[in-house]
Amino acid sequence: MRILSPRRAVAAGAVTLIALGTTAAFTSAPAYARANAQVTVVHGIPGQPVDVYVNGKKTLPGFQPGKVAGPLSLPAGSYDIALTKPGDAIGNALLKVDDAEVPGDRNISLVAHLTADGKPALTPFVNDTARLPAGQARLIVRHAAAAPAVDVRAGGKPVFSGVTNGKEGKADLDAGTVSADVVLAGTQTRVLGPADLDLKEGTATVVYAVGSAEDKTLDLVTQSITGLHSAPGGVPSGDGGRADRGMSLPWYGVGAAGLLLFLLGLARQRPRRR
Amino acid sequence: MRVGRALPLIVAGVVLVVATLVVATRSRPAADFAVPAPASAPSTSTSTPIPAPTVSRETAPVRLRIAALDLNATVDAVGVDPRTGDFAVPPSVDRVGWYKFGPGFAATAGSIVIAGHVDSAAQGEGAFFGLGELRPGDVVTLTGPGGGRERVFEVTARQRYRKTAIPLDRYFARDGEVRLTLITCGGPFDAETRHYRDNVVVTAVPA
């Protein structure tokens, strides 16, 4: 099993995590304290449950393939992350990354997966948690499988083309259920699906293609990020004008006429007093 | 003779002035009230994600009754108008619309939102024509899916906002204390654009 080659695994993981370190370098440095990062851990390596250690502390024991855990709320900083076989000592880690930079105030998915050529790796993705317009849902598809470039189709139409390992496609769509499948890029050769995805309003649905095409272990893992909803733009609920109880112009006329009549009456009375 | 001729004029004048004053008084909208203060605004910076409200047909209320307004209206599940991004209030003015993306009949948190027409040019007075007349303690009854269960709410607040200033995020919040929010139009009507200037919002909490 590929995963049992710790040295190669460590190398692959370290290389992949440079990406996160780079992101941090560009985005760090505000003087004020930043909120914690929300880190979700995704297990996309078939066949091997693991214990996840963060800074030497066992954080996710017996983490099963295909599962999503978290989010962990982590202060910004650098972290040592290790994956071991359940119960193994941290020294015998299957996959180990030291000094991974976690930027503050971000929503991150840390994905244990296979690279395109089948080596285990830990790849961080920064999740887009921007507010969605009312009625919409966000679909994010990530290629985290030992497989070539793919196209992702929804309702038979390609929505993301030529997605390669470690990359993602992203779109904001009307909320609802879509039937999605994955084909080899530029072909009709289906490698995954079709699967019904319930794209809930105000929610980001993150779909990971994981496993290995060669070993026929390709599968989908799904993560949801809720709370991205917005209120509708407004509540237009009347165009008749009957409920406008403001005084209309005719009534001002009536008042003025009344006042005139009243004064006229007084004026006519006046000569009698003389 | 002069008194006889002047008196009808004075009387008529007084009658008209009094009538005008009566209309002027009646046309002033009732003052807003809120008892107790509406549920706290949601914090957008919570570090833990808001739990996903399960929105399905199972949670759709089917009927809204307000005895004080002699109202018994069918509730449609609606979303947003794809052209405008606005609340898709049912076109039929005797129906009201429940915002299907937010908390539903069985909600344990957040704002269940129902909006209805105050009126329409073509159909006349709408289901929510009298919404602005509701008083604190008035009872609002919501019937659940299938028509079996009911939830009873009591009016605690009625507020009027310019449409440009209404805190919609608060009224469409999916967290905080569970409450029922009823929305319609009100205030001065612009005959040119055929829009009301304001929204009238009634908040009711479980009785």
Side-chain angles (χ1 to χ4, degrees), chain A residues 35-38 40 71 73 105 107 129 131 133-136 174-176 198 200-203 224-248 251-272, chain B residues 2-3 5-10 12-17 19-21 23-24 26-27 29 45 47-52 55 79-80 82 84-87 89 99 101 115-121 124-126 128-129 163 168-169 171-172 174 183-189 191 194-196 199:
Chain A
N36 285 1
Q38 304 301 312
T40 302
S73 184
D105 213 8
N107 188 307
T129 54
R131 287 287 187 111
Q136 299 221 319
D174 285 343
D198 180 12
K200 288 199 169 66
E201 198 264 354
T203 297
S224 285
I225 303 168
T226 60
L228 312 183
H229 57 273
S230 305
V235 187
S237 45
D239 60 5
R242 286 171 182 79
D244 184 351
R245 309 254 309 271
M247 217 163 53
S248 56
W251 273 110
Y252 285 106
V254 167
L259 212 57
L260 263 172
L261 287 178
F262 181 68
L263 292 174
L264 199 63
L266 282 185
R268 289 195 174 187
Q269 270 192 317
R270 205 176 294 154
R272 188 175 154 257
Chain B
R2 276 188 175 148
V3 177
R5 279 169 61 191
L7 199 59
L9 289 182
I10 293 175
V14 168
V15 166
L16 291 184
V17 168
T20 307
L21 289 177
V23 169
R26 274 194 43 210
S27 68
S45 60
S47 57
T48 47
I50 297 155
V55 179
V80 292
T84 60
D86 288 341
F87 193 112
V89 180
Y99 190 61
F101 299 130
H117 277 98
V118 64
D119 70 352
S120 109
E125 292 185 8
F128 277 178
F129 189 78
K163 285 178 178 174
L168 288 171
D169 278 343
Y171 286 117
F172 284 83
R174 299 179 190 182
I183 308 180
T184 193
C185 280
F189 183 73
R194 306 220 60 87
H195 288 308
Y196 288 93
N199 276 128

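In what follows, chains carry the letters A, B, and so on, assigned in the order in which the sequence lines appear, proteins first and then strands, with residues in each chain numbered from 1. It should be emphasised that the depicted structure is a prediction, and the values quoted were computed from it without experimental measurement.
Across all non-hydrogen atoms, the minimal contact from Ser237(A) to Gly116(B) is CB-O, 3.3 Å. Considering all non-hydrogen atoms of both residues, Pro232(A) and Val80(B) come closest at CB-CG1, 4.0 Å. Taking both residues in full, the closest heavy atoms of Arg242(A) and Tyr196(B) are given as N-OH, 3.1 Å, listed atom of the first, atom of the second, then distance. Between Cys185(B) and Gly238(A), the closest heavy-atom pair is SG-N, 3.7 Å. Residues Gly265(A) and Ala6(B) come closest through the heavy atom pair O-CB, 3.4 Å.
Taking chain B as the reference chain and counting heavy-atom pairs below 4.5 Å, the highest number among Ala257(A), Gly202(A), Pro236(A) is found for Pro236(A). Counting heavy-atom pairs closer than 4.5 Å to chain A, the top residue among Asp86(B), Val89(B), Leu168(B) is Asp86(B). Your options are Asp119(B), Ile183(B), Thr184(B), Ile10(B), and the one with the most heavy-atom pairs under 4.5 Å with chain A is Asp119(B). Annotation: maximal heavy-atom pairing with chain A below 4.5 Å, among Ala191(B), Pro188(B), Ala115(B), Gly79(B), occurs at Pro188(B). Comparing Ala12(B), Gly85(B), Gly124(B) by heavy-atom pairs within less than 4.5 Å of chain A, the highest count is held by Gly124(B). The choice from Val15(B), Leu16(B), Asn199(B) that makes the most heavy-atom pairs within less than 4.5 Å of chain A is Leu16(B).
Partners of Ala121(B) under the side chain to side chain contact (heavy atoms under 4.5 Å, CB included) rule, at least two apart in sequence or in another chain, are Asp239(A), Arg194(B). The side chain to side chain contact (heavy atoms under 4.5 Å, CB included) check on Leu9(B) picks up Leu261(A), Leu264(A), Arg268(A), with sequence neighbours excluded.
For Val118(B), the parts lying under 4.5 angstrom from a heavy atom of chain A are both the backbone and the side chain. If you measure heavy-atom distances from Ser230(A) to chain B, the contacts under 4.5 Å come from the backbone alone.
Side-chain contact check for Tyr99(B) versus Val235(A): every heavy-atom pair is 4.5 Å or farther apart.
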